[in-house]
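Predicted model only: the values in this text are computed from it and were never measured. We're numbering straight along the sequence, starting at 1. Values below: every heavy atom of this structure, side chains too, minus hydrogens, waters and symmetry copies.
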Amino acid sequence: MTLEAIKPYIGDIGSMLTITQTDETKSYAQPAMKNLGSAVLVVLREVISPASFRNAESEITDIDVNGRRHVRAVANKFKFGERARGLQVLRFFNAGGAAAQNKTTFYKGEKPSDKYDLNTLVFGDSANTAANKVLSVKAAAQYSDAVSIQDYADVVDTTFHNRASEDGSLWDAQRKENSNNLFERHFVKPGALLLQTIAFNGKVAPIEAIEHLLLSIGLAGAYGGATSIYGVNVRNHLVGFYAGHLERDLASPYVAIDRVRQTDTDTMNPAAIREALQANYRAAWPIEIPGEHLTSLQQDLITRLEAEDTALRDTYGKTATQVGQYFDAWFEGIG
């Protein structure tokens with residue numbers, strides 16, 4: 001199974017640039033103009049170890065929708081980890097990842113292609129140059145919030161902690177008094193299911209970018225806060241890829257969850273939820289690559305990566321060259 005079915009609705013790596021003529025002798029390059037095309041990757045995130053999605057407050061972030069309270073993990077809670085894994089994949093293949101995440105800077109004499117790569121195309125970036133220019137790249141992959149299928153009260157709990165001394169007691173030997181370092185930790189319980197969509201609109205992402213995203217998502221990962229405590233805490237289920245010329249409201253997980261909750265689907269059953277979601281998405285879009293086929297494609301990519309497949313390495317190397325040429329052509333003319 002390949003991604004060919006959605007190819008008419010996404011970009012092409014050989015057609016990412018538009019050359020605009022300003023007069024008889026001058027022209028400049030810019031990203032190709034957007035065209036009608038929308039493709040949405042639907043991912044069901046299954047919490048498999050306590051997870052923490054929060055802001056400054058200790059409580060898990062939430063949102064009320066149609067009278068129901070849901071866990072809400074903002075887009076970056078998952079995008080950050082997958083962007084990091086994407087950089088690691090590029091470094092593994094020696095095909096990019098020269099700069100640390102959120103630390104990209106161009107020094108004197110460096111070209112855009114020295115730091116910008118396939119990960120930049122997928123996840124976006126913005127960096128300063130030695131000439132005080134800002135090179136901004138909008139992410140092709142538009143991550144939504146990740147929202148719990150279940151109600152907040154059903155999937156969130158707390159645990160009580162204290163910062164004890166090394167001897168295991170609450171006695172502070174230095175101050176000769178009992179420690180008052182007592183606190184509650186809020187967490188999302190294993191079994192929680194969060195729905196997230198990743199949309200590509202305007203035909204801005206080639207097949208190579210989407211395959212890279214599938215590797216970056218992987219099978220599981222450590223997401224949110226407190227990952228030094230909980231480790232790998234989310235298993236990823238690919239529901240499907242859906243495409244058409246125009247966007248649909250089901251690209252919003254809030255709309256999709258409301259549709260599912262109007263049925264009697266068992267909200268604690270990942271297989272039942274995936275089946276219900278697929279039925280709704282399939283009815284809304286003309287093109288579908290089912291999750292089962294996507295998972296097979298993703299597993300093939302992972303197997304080839306684990307085997308250090310030379311053909312996959314060569315593909316990443318060729319793509320790196322093409323993407324580098326794209327960024328150089330786009331930004332070298334900035335004045």
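At a cut-off of 3.5 Å, with distance as the only test, a side-chain donor of T120 or D117 sits close to an acceptor on the other residue. Side chain to side chain, Y28 and Q21 fail the donor-acceptor criterion of an N or O pair below 3.5 Å.
Taking a 4.5 Å side-chain heavy-atom cut-off between Ile, Leu, Val, Met, Phe, Trp and Tyr, the cluster of M33 contains only that residue. Other members of the cluster containing V239 are V40, V42, L44, I63, V65, V147, I149, L193, L195, Y242, L250, Y254, V255, I257, V260, I273, L277, Y281, W285, with ILVMFWY side chains joined at under 4.5 Å, either directly or via other members.
Within a 6.0 Å radius of NZ in K7, no more than 12 heavy atoms belonging to other residues, nucleotides or ligands are found. For Q322, the CD atom counts as densely surrounded, since its 6.0 Å shell holds more than 12 non-hydrogen atoms of other residues, nucleotides or ligands. Within a 6.0 Å radius of CG in D23, other residues, nucleotides and ligands contribute more than 12 heavy atoms.
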**OP:** May I have the step-by-step check of side-chain contact (heavy atoms from CB on, under 4.5 Å) for Y326 and I13, ending in yes or no?
**Re:** CA-CA 9 Å; Y326 164 74; I13 198 165; over 6 Å; no
Original post:
Please walk me through it: do T61 and N55 pass side-chain hydrogen bond (donor to acceptor under 3.5 Å, both in side chains)?
Top reply: CA-CA 7 Å; T61 48; N55 293 324; 5.4 Å; no
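You'll find the side chain of V204 reaches within 4.5 Å of the side chain of K34, heavy atoms only. Within the 4.5 Å cutoff, the side chain of N236 has no heavy atoms near those of the L219 side chain. Residues Q142 and I198 form no side-chain contact, since every pair of their non-hydrogen atoms from C-beta on lies 4.5 Å or further apart. Taking 4.5 Å as the limit, some side-chain heavy atom of L90 sits within range of a side-chain heavy atom of L118. In this structure the side chain of I48 reaches within 4.5 angstrom of the side chain of R235, judged on heavy atoms. L17 has its side chain out of reach of Q30: every pair of non-hydrogen atoms, C-beta onward, lies at least 4.5 Å apart. You'll find the side chain of F331 reaches within 4.5 Å of the side chain of Y116, heavy atoms only. Put simply, the side chain of F187 does not reach to within 4.5 Å of the side chain of V156, judged on heavy atoms.
Hydrophobic clustering (ILVMFWY, side-chain heavy atoms < 4.5 Å, transitive): V71 and F80 are in distinct clusters. A continuous path of Ile, Leu, Val, Met, Phe, Trp and Tyr side chains, each step under 4.5 Å between heavy atoms, connects I287 with L214, placing both in one hydrophobic cluster. Taken together through direct or relayed side-chain contacts under 4.5 Å among Ile, Leu, Val, Met, Phe, Trp and Tyr, L36 and I10 form parts of separate hydrophobic clusters. Linking Ile, Leu, Val, Met, Phe, Trp and Tyr whenever their side-chain heavy atoms come within less than 4.5 Å leaves L87 and F106 in two separate clusters. When the side chains of ILVMFWY residues are joined at heavy-atom separations under 4.5 Å, either directly or via intervening members, F92 and L301 end up in a single hydrophobic cluster.
From D328, atom CG reaches atom OG of S113 across 3.5 Å, with rounding to the nearest 0.5 Å. Rounding to the nearest 0.5 angstrom, the gap separating the CG atom in D154 from the NZ atom in K189 is 7.0 Å. With rounding to the nearest 0.5 Å, the separation of CE in M16 from NZ in K203 is 14.0 Å. The CD atom of Q88 sits 12.0 Å away from the CG atom of L215 when rounded to the nearest 0.5 Å. For the atom pair CG of L312 and CD1 of I302, the computed distance is 11.5 Å after rounding to the nearest 0.5 Å. Within the model, atoms CD of Q298 and OG of S216 stand 10.0 Å from one another, a figure rounded to the nearest 0.5 Å.
Counting only distance, with no hydrogens or angles, the side chain of S126 and the backbone of S136 share no donor-acceptor pair below 3.5 Å. The closest donor-acceptor contact from the side chain of R54 to the backbone of E57 lies under 3.5 Å. Without hydrogens or angle criteria, D114 side chain to K111 main chain gives a donor-acceptor distance under 3.5 Å. Counting only distance, with no hydrogens or angles, the side chain of T265 and the backbone of T267 share no donor-acceptor pair below 3.5 Å. Within the 3.5 Å criterion, the main-chain N or O of V234 finds no donor-acceptor partner in the side chain of R45. In this structure, the side chain of S148 does not engage the main chain of L194 through any donor-acceptor pair within 3.5 Å. For the pair R185 (side chain) and S52 (backbone), a donor-acceptor distance under 3.5 Å is absent. Using modelled atom types, no side-chain atom of T263 and backbone atom of R259 make a donor-acceptor pair closer than 3.5 Å.
The pair K115-E110 counts as a salt bridge, with a side-chain nitrogen and a carboxylate oxygen less than 4.0 angstrom apart.
Within the structure, salt bridge (charged side-chain N to carboxylate O under 4.0 Å, His left out) contacts touching residues 68-80 (residues at least two apart or in different chains) are D62-R69, R68-D258, R72-D145. For residues 94-108, every residue pair satisfying the side-chain hydrogen bond (donor to acceptor under 3.5 Å, both in side chains) rule, not counting sequence neighbours, is listed here: R83-N102, T104-D125.
None of F53, Y143, F123 except one satisfies the ring-ring contact (aromatic ring centres under 6.0 Å, His included) rule with F78; the exception is F53.
In this structure D151 satisfies the salt bridge (Lys or Arg N to Asp or Glu O under 4.0 Å) test together with R261, sequence neighbours excluded.
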Atom pairs and distances, donor-acceptor, side-chain atoms in residues 206-213, under 3.5 Å, two or more places apart:
from : atom 1 : to   : atom 2 : distance (Å)
H212 : ND1    : Y316 : OH     : 2.8
H212 : NE2    : N119 : OD1    : 2.8

